[in-house]
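Along the sequence shown, the residues carry numbers beginning at 1.
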Amino acid sequence: MSLLLLDLLKEMDTSNPAVFVNAELLRLHVGRRVRAVIQVMRSDGGGSVIGKSTDEQQLVVKGHPPAPLSTFVEVIGIGDSNQSIRAEIWTNFGDVLDTACYNNVCQLANGDYKHLFI
């Protein structure tokens with residue numbers, strides 16, 4: 001293993017992992033650290049972004065999004081309610097994403113293969 005990879009692994013914070021969620025799975029993780037990808041539908045300009053989760057349901061993401069936002073954004077934060085996340089980290093994912101594939105990852109990460117993700 002390269003020294004650079006070893007250095008990166010040492011710096012990774014695994015003490016508080018973020019669970020992969022879509023809107024349906026968010027309900028199971030309110031109050032916990034989660035990660036989700038949304039398709040940005042609109043931003044209110046005041047710190048809330050309305051988006052569509054990878055399971056086609058609406059999510060509200062609160063926080064301080066970067067500008068400009070791409071079509072798809074990954075957020076990591078705390079599940080605030082059944083339909084909202086308080087985002088700590090925003091990552092632009094570009095304008096094209098296979099949402100069905102990401103949604104399958106969410107299902108796997110909360111099912112029989114949970115141990116591989118957390």
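- Taking all atoms of both residues into account, the shortest heavy-atom contact from Y102 to V21 is CE2-O, 4.5 Å.
- One distance of note links CG of L25 with SG of C106; it measures 6.5 Å at 0.5 Å rounding.
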ask   = side-chain contact (heavy atoms from CB on, under 4.5 Å) between V49 and V73: does it pass, once the steps are laid out?
value = CA-CA 10 Å; V49 173; V73 176; over 6 Å; no
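- Side-chain contact between H29 and N110 is present, with at least one heavy-atom pair separated by less than 4.5 Å.
- For the residue pair A109 and F20, the shortest heavy atom distance occurs at CB-CB, 3.9 Å.
- Within the 4.5 Å cutoff, no side-chain heavy atoms of F117 are placed close to those of R35.
- V60 and M41 fall into different hydrophobic clusters, defined by Ile, Leu, Val, Met, Phe, Trp and Tyr side-chain heavy atoms under 4.5 Å apart, directly or through other members.
- Considering only residues two or more places apart in sequence or on other chains, E88 meets the side chain to side chain contact (heavy atoms under 4.5 Å, CB included) condition with R33, I78.
- S70 approaches V40 most closely through the heavy-atom pair O-CG2, 3.6 Å.
- Between T99 and Q39 the shortest side-chain heavy-atom distance does not fall below 4.5 Å.
- Atom OG1 of T71 and atom CG of L97 lie 10.0 Å apart (nearest 0.5 Å).
- The shortest distance between side-chain heavy atoms of I85 and D80 does not fall below 4.5 Å.
- For the side chain to side chain donor-acceptor pair (under 3.5 Å) test, no residue two or more places apart in sequence or in another chain qualifies with Q107.
- Of all non-hydrogen atoms in S53 and A23, the two that sit nearest each other are OG-N, 3.0 Å.
- For D112, the side chain to side chain contact (heavy atoms under 4.5 Å, CB included) criterion is met by no residue, not counting sequence neighbours.
- Smallest separation of non-hydrogen atoms from S84 and K62: OG-NZ, 4.0 Å.
- By the 4.5 Å heavy-atom criterion applied to side chains, N82 and L26 are not counted as neighbours.
- For CD of Q57, the number of neighbouring non-hydrogen atoms (other residues, nucleotides, ligands) closer than 6.0 Å is greater than 12.
- The two residues P68 and N92 have their closest heavy-atom pair at O-ND2, 3.2 Å.
- Summarising the geometry, atom CG belonging to L59 is positioned 8.0 Å from atom CG belonging to N22; distances are rounded to the nearest 0.5 Å.
- Rounded to the nearest 0.5 Å, atoms CG (N103) and CG (D55) are 5.0 Å apart.
- V61 and I89 fall into different hydrophobic clusters, defined by Ile, Leu, Val, Met, Phe, Trp and Tyr side-chain heavy atoms under 4.5 Å apart, directly or through other members.
- Taking CG from L108 and NZ from K114, the interatomic distance works out to 12.5 Å, rounded to the nearest 0.5 Å.
- To the nearest 0.5 angstrom, H64 atom NE2 is 10.0 Å from S48 atom OG.
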